Amino acid sequence: MGPQLWDVGGLNDDPARELGRDGGHHAVVLSNGTIVVSDRTRIAYFDARGKFIGSVGRKGGGPGEFELVGAMCVRTGDTLQVNDGGIHRTTIITPDRAIARIVPGRRTGELKGCLDTKWTITTELFPKGDGWTQWVHVRGVADDGVPRVDFGDFPLRGMGVAMRTGALAGHGSRLALGSGIEPSVEVHDTTGRLVQLIRLDEKPASITAAEMEAGVGMTQGANLKTGASFKVPTPKGAPMTWPAYGELRYDPLGRLWMEDYTKQLGTGWWTVFAASGESLGRMQLPKSAKGTPPLVVGFTRDAVLIRRLDEDGAPHVTAYRLIPNR
């Protein structure tokens with residue numbers, strides 16, 4: 001990871017230029033260099049140097065208002081797609097920051113990236129009979145509300161000895177679906193056809209008896225009234241391995257970035273794959289002063305976008321150049 005390219009957020013005399021405590025979890029860069037960053041109930045815009053130029057949205061349920069800005073991505077022509085996790089709808093914003101349309105009633109997944117098609121990914125959670133897996137039914141739904149593609153059922157979350165959460169990432173005509181339970185990622189095209197299966201060389205590490213005894217992952221619970229901790233029984237059939245990986249993200253070049261996962265939380269390693277599925281290398285994030293790596297919120301062609309907190313606890317989004325090893 002190379003030098004800093006730009007930085008937005010932090011404390012400012014003008015509160016409109018700051019990011020709220022929950023801000024900065026999603027960021028994209030438009031083709032003209034404009035930086036777009038999510039806040040809880042609005043979208044903040046900065047020029048290519050990080051100078052604040054305006055915002056869209058405020059708290060509420062009307063047009064151009066948000067309850068909880070979730071996944072955010074750029075469609076063809078720099079059109080912005082914003083999913084509201086609070087009121088379950090999708091807002092489409094033009095490059096000149098006008099509200100183009102609002103599509104109500106969608107419980108969307110945390111899709112990292114947009115597809116070329118003019119529809120979004122929706123997810124419907126449902127439990128499986130084993131008691132530890134949350135599955136999702138994944139669909140592509142057009143802006144007019146008509147379902148276009150049915151991707152089927154997919155394991156998104158395991159609640160066994162160690163929590164593992166699935167991931168969705170899209171770019172162009174490709175949708176990557178990963179459960180984090182198995183050491184593989186399925187890549188589908190926009191017709192729903194499986195076009196690629198990326199298999200990891202390393203299988204997830206087994207959770208040892210000593211780790212279970214020590215109360216790793218989901219084996220610890222707490223009494224809400226007294227605060228006392230207790231051990232949660234492990235459901236029969238629950239996964240007895242650590243998660244294979246965390247998030248998935250595509251960059252504008254179609255490379256797939258995978259957040260590696262090890263027993264040692266906070267290592268900050270990411271593996272990048274070419275469009276062909278070939279592993280291109282790994283990136284390690286520097287640890288913060290508190291010993292944990294910063295949060296990756298996006299990639300550009302040549303930079304990684306990081307959410308970080310400064311000494312005052314104010315959130316920033318900072319771009320650092322990606323420098324390949326030669």
Side-chain angles (χ1 to χ4, degrees), residues 8-9 16-47 52-124 138-145 148 167-172 175 247-252 295-300 305 307 315 317 319:
V8 301
R17 301 171 185 266
E18 299 180 354
L19 300 175
R21 186 175 65 176
D22 298 323
H25 284 279
H26 306 276
V28 296
V29 178
L30 306 184
S31 61
N32 64 358
T34 298
I35 302 158
V36 188
V37 180
S38 68
D39 219 337
R40 184 178 179 89
T41 57
R42 67 172 186 141
I43 311 297
Y45 288 75
F46 304 83
D47 69 15
F52 179 75
I53 56 177
S55 64
V56 173
R58 60 183 180 182
K59 181 175 175 58
E65 297 178 335
F66 302 95
E67 286 292 335
L68 178 62
V69 173
M72 182 176 71
C73 62
V74 183
R75 288 182 173 183
T76 304
D78 279 345
T79 299
L80 193 68
Q81 175 182 302
V82 181
N83 298 333
D84 192 325
I87 49 182
H88 305 304
R89 70 183 187 186
T90 299
T91 299
I92 308 300
I93 305 175
T94 66
D96 58 358
R97 305 202 298 274
I99 304 299
R101 56 189 170 277
I102 295 175
V103 186
R106 290 189 186 165
R107 184 178 294 276
T108 57
E110 279 291 301
L111 176 67
K112 307 300 191 301
C114 276
L115 301 172
D116 286 343
T117 51
K118 291 185 177 180
W119 41 262
T120 60
I121 298 297
T122 66
T123 55
E124 298 175 19
V138 183
R139 290 189 181 94
V141 180
D143 289 344
D144 58 8
R148 298 297 185 189
L168 306 172
H171 173 76
L175 176 68
E247 285 194 0
L248 299 172
R249 288 183 180 271
Y250 277 108
D251 66 21
L295 179 66
V296 173
V297 296
F299 290 92
T300 68
L305 311 183
R307 182 187 190 269
V317 174

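Since the structure is predicted, the reported quantities are computational estimates derived from the model, not experimental observations. As a basis for the values below, the full set of heavy atoms in this structure was taken, side chains included, without hydrogen atoms, waters or symmetry mates.
For the atom pair Asn83 CG and Gln81 CD, the distance stands at 5.0 Å (nearest 0.5 Å). Distance check, rounded to the nearest 0.5 Å: NE2 of His25 to CG of Leu19 gives 10.0 Å. Taken from CG in Leu30 to CG in Leu80, the straight-line distance is 7.0 Å, to the nearest 0.5 Å. With rounding to the nearest 0.5 angstrom, the CD1 atom of Ile35 is 7.0 Å from the CG atom of Asp47.
Taking Thr300 as the reference, Val29, Asp302, Ala303, Leu305 meet the side-chain contact (heavy atoms from CB on, under 4.5 Å) condition, with sequence neighbours excluded. A search for salt bridge (charged side-chain N to carboxylate O under 4.0 Å, His left out) contacts involving Arg139 returns Glu124, Asp150, not counting sequence neighbours. The side chain to side chain donor-acceptor pair (under 3.5 Å) search around Thr79 returns none, not counting sequence neighbours. In this view, Arg40 and Asp22, Leu68 satisfy the side-chain contact (heavy atoms from CB on, under 4.5 Å) rule, not counting sequence neighbours. Residues meeting the side chain to side chain donor-acceptor pair (under 3.5 Å) test with Arg17, sequence neighbours left out: Asp14. Annotation: side chain to side chain donor-acceptor pair (under 3.5 Å) contacts of Asp78 (sequence neighbours excluded): Ser31. Among residues two or more places apart in sequence or in another chain, the side-chain contact (heavy atoms from CB on, under 4.5 Å) test is passed with His171 by Tyr250. Shown here are the side chain to side chain donor-acceptor pair (under 3.5 Å) partners of Arg21, two or more places apart in sequence or in another chain: there are none. With sequence neighbours left out, the ring-ring contact (aromatic ring centres under 6.0 Å, His included) criterion links Tyr45 to no other residue.
Applying the salt bridge (charged side-chain N to carboxylate O under 4.0 Å, His left out) test to residues at least two apart or on different chains, the pairs with a partner in residues 27-39 are Asp39-Arg42. Contacts classified as salt bridge (charged side-chain N to carboxylate O under 4.0 Å, His left out) and involving residues 93-103 (residues at least two apart or in different chains) are given here: Arg101-Asp143.
Between Asp251 and Phe299, the closest heavy-atom pair is CB-CB, 3.7 Å. Summarising the geometry of Pro315 relative to Gly23, their closest heavy-atom pair is CB-O, 4.0 Å, with the distance given to 0.1 Å. Between Val317 and Ala27 the shortest heavy-atom distance is CG1-CB, 4.0 Å.
Taking 4.5 Å as the limit, some side-chain heavy atom of Ile43 sits within range of a side-chain heavy atom of Met72. The closest side-chain heavy-atom distance from Thr120 to Val103 is not below 4.5 Å.
In terms of modelled atom types and a separation under 3.5 Å, the side chain of His26 and the main chain of Val37 share no donor-acceptor contact.
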Show, in sequence, the C-alpha distance, side-chain angles and deciding distance for Ile93 and Ile99, and conclude whether the side-chain contact (heavy atoms from CB on, under 4.5 Å) test is met.
CA-CA 5 Å; Ile93 305 175; Ile99 304 299; 4.0 Å; yes
Result block: side-chain N/O donor-acceptor pairs under 3.5 angstrom for residues 53-66, not counting sequence neighbours:
residue, atom, partner, partner atom, Å
Arg58, NE, Glu65, OE2, 2.9
Arg58, NH2, Glu65, OE2, 3.3
Lys59, NZ, Glu67, OE1, 3.0
Glu65, OE1, Gly61, N, 3.2
Glu65, OE1, Gly62, N, 2.7

